[in-house]
There are 2 protein chains.
Amino acid sequence: MNDSETVTHILDLAQELVQKRGYNGFSYRDLSEQIGIKTSSIHYHFPSKGDLGRALVVRYRASFQTAFVQIDAHEDDLRMKLRLYVELFRQTLEDEGKVCLCGMLSTDYQTLPPPVSEEVQRFFVENEAWLTRVLEEGQRAHIFRQDIDAAKEAAALLAGLEGAMMVARAFGDVERFTQTSSVLLAALEA
Amino acid sequence: MNDSETVTHILDLAQELVQKRGYNGFSYRDLSEQIGIKTSSIHYHFPSKGDLGRALVVRYRASFQTAFVQIDAHEDDLRMKLRLYVELFRQTLEDEGKVCLCGMLSTDYQTLPPPVSEEVQRFFVENEAWLTRVLEEGQRAHIFRQDIDAAKEAAALLAGLEGAMMVARAFGDVERFTQTSSVLLAALEA
DNA sequence: GTCTATAAGATGATAGAC
DNA sequence: GTCTATCATCTTATAGAC
């Protein structure tokens, strides 16, 4: 499954639709109409909807891994690293009220084909792992509170951001997300 | 729309299905089969799916208002009030991996009929209002941090709990929710 | 790779008998 | 209030021609 132009087009649009409407909120027909290609052609690239869903999360995970490498390479300030991370989500929300792909899929969780749900889990594991590393480093540098468990704090931060995206979108108000993310980050300060 | 036995049965099952599978993850047929009544009979009580969805959130909001009254009446300790509130969500999660009805609906937000989405907004407003009151009272009693904005902190707590339910369920691990909720509550301590 | 044609089943919804 | 019957539409998916 390499990425021809068509495949990329399908993935881009499908991701957008999942982020806006959820896994059960879009169909091959939606993709068909907006791409200008028949549904059977989409099935050629992604035989089942589960195949498409899985490809979506795999690519999304990879984009976050890339972001982690970028942030680690170009930013030393640990507080700024977290702010850049939060910024990834804020931009998504600003972009027509989309929320995190995996936050979205986690609500559809019980209806997902297992190959998809496994990838969603992996996303959370990887994100928490990176956040934990940043927090631990920050603790060693006496930037973040010493009396916290970095891993648990990382999980809480991620959960908080995911929830904040959902609530903020329900109000059509990105500022709500920004405020909640500030509160979550402030809780880490020494 | 009073609550005959049948109506209550429909609402109970529909709520369970939304909390597990989302608004677009259940159908009148699902209700029909599990209740032992034809879909046309369900349409008699709830002409459109939007009518059903709206009734669901109205009832859910009312159940939280009742919980608020109960907590305020029987518990003076402000920390305990918050713990009892968190416990409402934890029990939901423990009950077969259901998540907050409105957390669920907030991801389906862009596909909801307006009457439903308006009720979802109201749920968040009401919950934040109660939490804000508890936090403000706790600040006056010097139990919670003085350097926080109660309203913003309330929003962050609610968002954090909503997100924590989603993530915890994706791992099939209620303990994950418990840990994150502890982190969120700890951040309020003076 | 994309198309036409088609399938089997699901979905929200309505008309009218009992 | 519940049933049968029926609806148009949508959904995922496949077979086979170009």
Side-chain angles (χ1 to χ4, degrees), chain A residues 1-57 104-105 107-117 119, chain B residues 1-18 20-57 104-105 108-117 119:
Chain A
M1 186 130 1
N2 59 12
D3 46 336
S4 72
E5 241 176 70
T6 305
V7 166
T8 303
H9 198 164
I10 294 170
L11 288 172
D12 287 347
L13 183 57
Q15 179 175 333
E16 181 187 326
L17 288 175
V18 174
Q19 289 183 295
K20 285 182 179 173
R21 309 167 49 88
Y23 187 77
N24 297 312
F26 86 101
S27 68
Y28 272 48
R29 199 198 196 191
D30 295 322
L31 299 173
S32 163
E33 285 172 356
Q34 291 186 56
I35 295 179
I37 189 182
K38 296 297 169 180
T39 60
S40 53
S41 304
I42 302 174
H43 276 288
Y44 168 79
H45 296 288
F46 302 100
S48 79
K49 198 177 178 183
D51 294 321
L52 174 54
R54 190 179 158 281
L56 238 34
V57 187
M104 205 68 182
L105 292 177
T107 69
D108 298 320
Y109 208 74
Q110 304 207 355
T111 68
L112 297 180
V116 182
S117 54
E119 292 296 330
Chain B
M1 184 125 7
N2 58 10
D3 45 338
S4 72
E5 241 176 72
T6 305
V7 166
T8 303
H9 198 162
I10 294 170
L11 288 173
D12 287 346
L13 182 57
Q15 178 175 332
E16 181 187 326
L17 288 175
V18 174
K20 286 182 178 173
R21 309 167 48 89
Y23 187 76
N24 297 312
F26 86 100
S27 69
Y28 272 48
R29 200 200 195 189
D30 295 322
L31 300 173
S32 162
E33 286 172 356
Q34 291 186 55
I35 295 179
I37 189 182
K38 296 296 167 181
T39 60
S40 53
S41 303
I42 302 174
H43 277 290
Y44 168 79
H45 296 287
F46 302 100
S48 78
K49 199 178 177 182
D51 294 321
L52 174 54
R54 191 179 158 281
L56 237 34
V57 187
M104 205 67 183
L105 292 176
D108 298 321
Y109 208 75
Q110 303 207 358
T111 67
L112 298 179
V116 182
S117 54
E119 292 295 332

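Since we're looking at a predicted model, the values are computed, not measured. Here is the naming used below: chain letters follow the sequence lines, and residue numbers restart at 1 for every chain.
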Value in whole Å for how far the P atom of dG1(C) lies from NE2 of His9(A): 16 Å
Integer-rounded Å distance: dT6(D) C1' and Lys38(B) NZ: 14 Å
Atom pair distance, as rounded to whole Å: NE2 in His43(A) and P in dG1(C): 17 Å
Just list the side-chain donor-acceptor pairs under 3.5 Å for residues 107-116 of chain A, sequence neighbours left out, or say none.
| residue | atom | partner | partner atom | Å |
| --- | --- | --- | --- | --- |
| Thr107(A) | OG1 | Met104(A) | O | 2.9 |
| Thr107(A) | OG1 | Thr107(B) | OG1 | 3.0 |
| Asp108(A) | OD2 | Tyr23(A) | N | 2.8 |
| Tyr109(A) | OH | Ser117(A) | O | 3.1 |
| Tyr109(A) | OH | Ala170(B) | O | 2.9 |
| Gln110(A) | NE2 | Gly97(B) | O | 3.4 |
| Thr111(A) | OG1 | Asn24(A) | ND2 | 2.9 |
| Thr111(A) | OG1 | Asp108(A) | O | 2.8 |

Pairwise side-chain contact, Leu31(A) with Thr39(A), heavy-atom cut-off 4.5 Å (strictly under): no
Closest to side chain of His45(A), choosing from dT2(C), dT14(C), dT14(D): dT2(C)
Atom pair CG (Leu56(B)) and CG (Asp12(B)), whose distance is rounded to the nearest 0.5 Å: 9.5 Å
Check: Ile42(A) and Thr6(A) side chains under 4.5 Å, non-hydrogen atoms: no
Sugar-phosphate, base or nothing in reach of Ser40(B), heavy atoms under 4.0 Å: base
Closest nucleotide among dA10(C), dT12(D), dC3(C) to the Tyr28(A) side chain: dT12(D)
DNA chain C: 5'-proximal contact among Thr39(B) and Thr6(A) (nearest heavy atom): Thr6(A)
Spacing between Phe46(A) atom CZ and dT11(D) atom C1', to the nearest angstrom: 18 Å
Interatomic distance where CD1 belongs to Ile10(A) and P belongs to dT12(D) [whole Å]: 14 Å
Touch class at under 4.0 angstrom, heavy-atom based, for Tyr44(A) against every strand present: base
Length of the CD-P vector between Glu33(A) and dC10(D), whole Å: 8 Å
Touch class at under 4.0 angstrom, heavy-atom based, for Ser41(A) against every strand present: base
Touch class at under 4.0 angstrom, heavy-atom based, for Lys49(A) against every strand present: sugar-phosphate
Closest to the Ser48(B) side chain, choosing from dA13(C), dG12(C), dT12(D): dA13(C)
Selected nucleotide, minimal atom distance to Arg29(A) side chain, candidates dT11(D), dT4(C), dT2(C): dT11(D)
Atom-pair distance (CG on Leu31(B); C1' on dT11(C)), nearest Å: 12 Å
Distance, rounded to the nearest Å, where Asn24(B) contributes CG and dG12(C) contributes P: 9 Å
Phe26(A) side chain near Lys49(A) side chain, heavy-atom distance below 4.5 Å: yes
